[in-house]
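All values below were derived from every heavy atom in this structure, side-chain atoms included, with hydrogens, water molecules and symmetry-related copies excluded. Chain naming here is simple, since letters A, B, ... match the order of the sequence lines and numbering starts at 1 in each.
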Amino acid sequence: MPKRKSAPAEEGTQRRRSVRIASVNGTEPPKAGAKLATKKTQKTTKRSKPEEAVSSGSEPESEPQPKKSRTAKLPKTKPEPKSTKAKAKPPIPSVDSGSEKTYWLLKAEPESRLENGVDVKFSIDDLAAKTEPEPWDGIRAYAARNNLRAMKKGDLAFFYHSNCKEPGIVGTMEIVQEHSPDLSAHDPKAPYYDASSKPEDPKWSVVHVKFRSKFATPITLKDLRAMGAPGKPLENMQMLKQTRLSVSRVTAAEWEHLMGVAEEM
DNA sequence: GCCAACGTTGGC
DNA sequence: GCCAACGTTGGC
């Protein structure tokens, strides 16, 4: 289900955040929210981003919007060096960094909140109860979407509870299916419906995830911020720098540090 | 409910 | 391409 989470921006659609819907893809009702979610309606999730996944960005990546010039910018593929010739070769790391494994952090709202009349609540327990891969839908921010599109099967991600009493990382999940169109965007009844996304040219994406673990004790936002102080292990963590991004990158060092913290708690 | 951060829109 | 207005995210 959906979760939403994404970010911002977008308009229209955007709002929703997190949520997700389940429906579309299948099944479930919307759980929505979950993912990102955020408050308002649209919020989150969906929309945002473009660019590469990586950053936050704003651009839409590919699709971006039509509008003005802005759009496109992005290099879609990587910029590679122009130099090409000569040296360049090493460039290929292709996709990301090379070999390093990539980790992520996805936000979902564990408390009930209506988006377009649908409850977008989606907690780690909701995910743990699923018997089928869950589509992380509702992302309506290009930056968040771009991160979804950069995910590879087998990548691991933290499940973060947002817009709730105790915000924080509550467990982990695995990306079991790479991105595919977020069909919930085309459903007027879905929490994060986006009239600007056409079925023949889907604007938003989902990835399917599977529950892996629930921490005995959540790592709260307060804890995360303390570990994000200058000189500390999480000082450059994307989620602390771009607080509105519902789908962010986690480095291998950050992942390991946090998994260690979770164990001792 | 408030509000800070920040992304998007859209005029110029 | 700049930038002001506006809207959203999401913690508190």
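Separating the CZ atom of A:R145 from the P atom of B:dG7 is a distance of 16 Å, rounded to the nearest angstrom. Atom CD in A:E111 sits about 14 Å away from atom P in C:dG10, given to the nearest Å. Between the C1' atom of C:dG11 and the NE2 atom of A:H161 lies a distance of 16 Å, rounded to the nearest Å. With rounding to whole Å, A:R225 atom CZ is found 12 Å from C:dG10 atom P. Rounded to whole angstrom, the span from the CG atom of A:L245 across to the P atom of C:dG10 amounts to 8 Å. As a whole-Å value, the separation of A:D194 CG from B:dT8 P is 14 Å.
Side-chain atoms of A:D187 and A:S184 form no donor-acceptor pair, as typed in the model, at a separation below 3.5 Å.
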For nucleotides 3-6 of chain B, list the nitrogen or oxygen atoms of the protein found under 3.5 Å from its nitrogen or oxygen atoms, one pair per line.
residue : atom : partner : partner atom : Å
B:dA5   : N3   : A:R244  : NH1          : 3.4
B:dC6   : O2   : A:R244  : NH1          : 2.2

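For A:T220, the side-chain hydrogen bond (donor to acceptor under 3.5 Å, both in side chains) criterion is met by A:D223, not counting sequence neighbours. Not a single salt bridge (charged side-chain N to carboxylate O under 4.0 Å, His left out) links A:E166 to another residue, sequence neighbours left out. Contacts of A:R212 classified as side-chain hydrogen bond (donor to acceptor under 3.5 Å, both in side chains), with partners at least two apart in sequence or in another chain: A:E174. The salt bridge (charged side-chain N to carboxylate O under 4.0 Å, His left out) search around A:K214 returns A:D125, not counting sequence neighbours.
The list of ring pair (Phe, Tyr, Trp, His ring centres under 6.0 Å) pairs with a residue in residues 238-265 of chain A, not counting sequence neighbours, reads A:Y103-A:W255, A:F158-A:W255.
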